[in-house]
Student: 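Dropping the structure in here first, questions after.
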2 protein chains.
Amino acid sequence: MSATIKDVAERAGVSIATVSNVVNGSRFVSDDLAEKVRQAIVELGYQPNPLGRALRKGKSFTIALILPDHSNPFFVQVARGVEEQARRREYGVITCNTDEDPELETFYVASLLKRKVDGFIVSPTFRGGETLQPLIAHGAPLVVVDRYIDGMKVDEVFSDNEGGAYEATEHLVSLGHRRIGLLAGIPGISSIEDRVAGYKRALAEHGIPEDESLIAQGCSQIKEGASSTESLLKQRGITAIFSTNNMMTLGALQCFKNRGIRCPDDVSLIGFDDSEWASAFTPSLTVVAQQSYEMGYSAGDLLFEAIARGKGEHKTRAIKLQTVLISRESTGRPSEPRPRKEVHRSATSGEKNKQSPSTKSGTRRPSR
Amino acid sequence: MSATIKDVAERAGVSIATVSNVVNGSRFVSDDLAEKVRQAIVELGYQPNPLGRALRKGKSFTIALILPDHSNPFFVQVARGVEEQARRREYGVITCNTDEDPELETFYVASLLKRKVDGFIVSPTFRGGETLQPLIAHGAPLVVVDRYIDGMKVDEVFSDNEGGAYEATEHLVSLGHRRIGLLAGIPGISSIEDRVAGYKRALAEHGIPEDESLIAQGCSQIKEGASSTESLLKQRGITAIFSTNNMMTLGALQCFKNRGIRCPDDVSLIGFDDSEWASAFTPSLTVVAQQSYEMGYSAGDLLFEAIARGKGEHKTRAIKLQTVLISRESTGRPSEPRPRKEVHRSATSGEKNKQSPSTKSGTRRPSR
DNA sequence: CTGAAAGCGCTAACAC
DNA sequence: GTGTTAGCGCTTTCAG
């Protein structure tokens, strides 16, 4: 169909080796021959076939990006960062969505390993690392993102989740909250568990006793966030909720709405990870922002470095990104202890617009 | 590194052709040989190298998915549909985000054409189709999704945008609105233009004069949605806004919030395309829902069919998907004509909870 | 500095 | 039924 290197060689009256050399600059070619070749290339509209190249070099010039939730804008930003890196290098990225399902992750890992992609960036569904075992056994270039795995030496990029959660919790404490509910995500995911740890440390350091009944071990989706919030609200005296995940934060809002809970008047809400829409909500959301784009971007850096280095020594690197608290309307001082009455769907929205005391504005890299 | 077909052949004491035949089932192989081969395969952990296969067959077993905005959950759902189709067929999907930039689209098209992917699903940035010209010239299997292009015969899958917009507008009219603002998206995109057409037809059929000052030719992002809303609100007597795009709807909400506009009390809002979070907003959003997942899924169907058919006759197919109006809280009857006072940041949220008259609940396919 | 030729791993004629 | 062999398009020794 399209012209091959052979066609070009014939047309230019040179050997295919010479064509290859001018295309790749792999060896010096005299000016006159090079010129002839270039001309032939233009005339024939020759495009090197990457399939041949791939086979010969044993590389596919493709990487795999395996993420747990494409609906979560956080991961979308991560993907953008990765894609930008790939684009510069003329690499393709095959993106897969596991929906937090380890089985699906295992499937994708196997499938892409067969496919002989040159490297993997994955946000694993489980910190045990079982799903990534095949990759490690195979020695494929790998960097984990957002979540690390235990006891395995791999490149990793993630947020300071413990610190960010600490800051979030402290923010609530400093506003006067003592009974702070936690929407914890799926257990077994490092980022989530670190956030839980940060929450607990903040409580401890402020002399607030831990109360397991205030921790809702949820999942990661909107629906589950809503139902977990539902049960948290049954706990007496709860005045604030810290949601460890984007989607659950949405669920909490939905629950508030259905139950006629006013936020922050009745209960404050702080979320983990910012998003474009966080400021469009009523109330706008106080959040701990992550550097999502950079996370993907850095992961790309590490991966392509590993790919370039080849299967040599693997001096593993870890990059930890700082978070920043963005204070908006959803957090405020707790209201005076009041008789807890069960309001059902009397949907009254907040009226007062309590501005939180300190408002840092986070800087986020533009998406492109 | 890993075992090749040759290794297997040697180990099983057969020819490589036989190995190939048992792997692919392309020819009959006697039971005993087949068994030997299968055993050798297991012992060596042989995985056929797709690169060799690809080169030989002139197919990469990869498709390209080029979408304009990964931040928009609509396209995320489309992508899920496509990916599901690809997964079943052991195809890889290279997903690209043009951010509505024709240049980037052109780059990706060229880049993936070089890459020799087997087919393209794209949601083009411009209905003129210039960006897709190389694909068409090359005869690559192609299906356009969400948006069609003019004067070119290609497979296409899209929503009944005109009908959906008509329904949206009529919904507002039936509530009593007469001066209805339109947040139109980027011009030159078929879906958007069809929505504008639907809006105009609805007005015309109800004897409402068209007023260009009520049409804000915006873009597709949150920010632009907010600023366009800002200018729409300057128009006298406006009581409702129809937003033709997901992200702009968010922008409108943001603007309402900043300006202290109560929705739907001061102005009603209806959006195009539903999303998981639409019901978490205050007020929850009335929208025209699209079958986003199916859109991707159907596009996958068409594309793989075209790929299978080869470069033969191209009996182009068009699939039009129905939309459904989901009535929630953001639309209501217009309030009595009131003196228009400019309220700045007096952020008062709505208190009453007007339920819209008719509430259909749309059925949407689960994401997986 | 350039060309000839081997071969990456696989499939598909073509033989027997 | 099975084996032999010729490439797919490219890169890269190895000779000159």
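What you are looking at is a predicted structure, and each value in this text was computed from that prediction instead of being measured. Below, chain A is the first sequence line, B the second, and so on; all start at residue 1.
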Student: Taking C-beta and beyond as the side chain, do Leu142(A) and Val122(A) meet within less than 4.5 Å on heavy atoms?
Tutor: yes
Student: Quick one: salt bridge (Lys or Arg N to Asp or Glu O under 4.0 Å) partners of Asp301(A), sequence neighbours excluded?
Tutor: Arg89(A)
Student: Once you round it to whole Å, what is the distance between P of dG9(C) and NZ of Lys114(A)?
Tutor: 18 Å
Student: Under the side-chain hydrogen bond (donor to acceptor under 3.5 Å, both in side chains) definition, can you give me all pairs with a residue in residues 44-61 of chain A, not counting sequence neighbours?
Tutor: Ser60(A)-Asp118(A)
Student: Rounded to whole Å, please give me the gap between CG in Leu44(B) and P in dG9(C).
Tutor: 13 Å
Student: Between the two ends of the helix from dC1(C)-dG16(D) to dC16(C)-dG1(D), what is the bend in degrees, rounded to 10 degrees, where each end axis spans five pairs?
Tutor: 50°
Student: Hey, does Thr98(A) have a side-chain heavy atom less than 4.5 Å from the side chain of Leu67(A)?
Tutor: no
Student: Between Glu156(B) and Ala318(B) (side chain of the first, backbone of the second, donor and acceptor by atom type, cut-off under 3.5 Å), is there such a pair?
Tutor: no
Student: Round to a whole Å and report the spacing from NZ of Lys6(B) to P of dG3(D).
Tutor: 16 Å
Student: Over all heavy atoms of both residues, which pair between Asn97(B) and Glu83(A) is shortest? Give the atoms and the distance, please.
Tutor: CB-OE1, 4.4 Å
Student: Taking salt bridge (Lys or Arg N to Asp or Glu O under 4.0 Å) as the test, write out the residues that go with Asp31(A), two or more places apart.
Tutor: none
Student: Regarding Thr125(B) and Glu100(B), do their side chains bring together a donor and an acceptor under 3.5 Å, going by distance alone?
Tutor: no
Student: Looking at Arg115(B) and Glu90(A), is there a salt bridge between them, counting it only when a charged N and a carboxylate O are closer than 4.0 Å?
Tutor: no
Student: Honestly, is Arg87(A) close enough over Phe107(B), meaning NZ or CZ under 6.0 Å from the six-membered ring centre and within 45° of the axis?
Tutor: yes
Student: So, is Thr4(A) close to the dG9(D) phosphate, meaning a side-chain N or O under 4.0 Å from OP1 or OP2?
Tutor: no
Student: Can a side chain N or O of Thr18(A) be found less than 4.0 Å away from OP1 or OP2 on dG3(C)?
Tutor: yes
Student: Would you name the heavy atoms of Lys315(A) and Asp155(A) that are closest together and state the gap between them?
Tutor: O-OD1, 4.2 Å
Student: Take nucleotides 11-16 of chain C nucleotide by nucleotide from the 5' end and write B, S or -, depending on whether a protein heavy atom sits under 4.0 Å from the base, only from the sugar-phosphate, or from neither.
Tutor: BB-B--
Student: With nearest nucleotides of DNA chain D determined for Gly13(B) and Leu55(B) from heavy-atom distances, which residue corresponds to the more 5′ nucleotide?
Tutor: Gly13(B)
Student: Among residues 29-40 of chain B, which contact DNA chain D at a heavy-atom distance under 4.0 Å?
Tutor: Val29(B), Ser30(B), Leu33(B)
Student: Roughly how many Å is it from CZ in Phe28(B) to C1' in dG3(D), rounded to a whole number?
Tutor: 18 Å
Student: Starting from C1' on dG3(D), measure out to CD on Glu10(B) and report it in whole angstrom.
Tutor: 14 Å
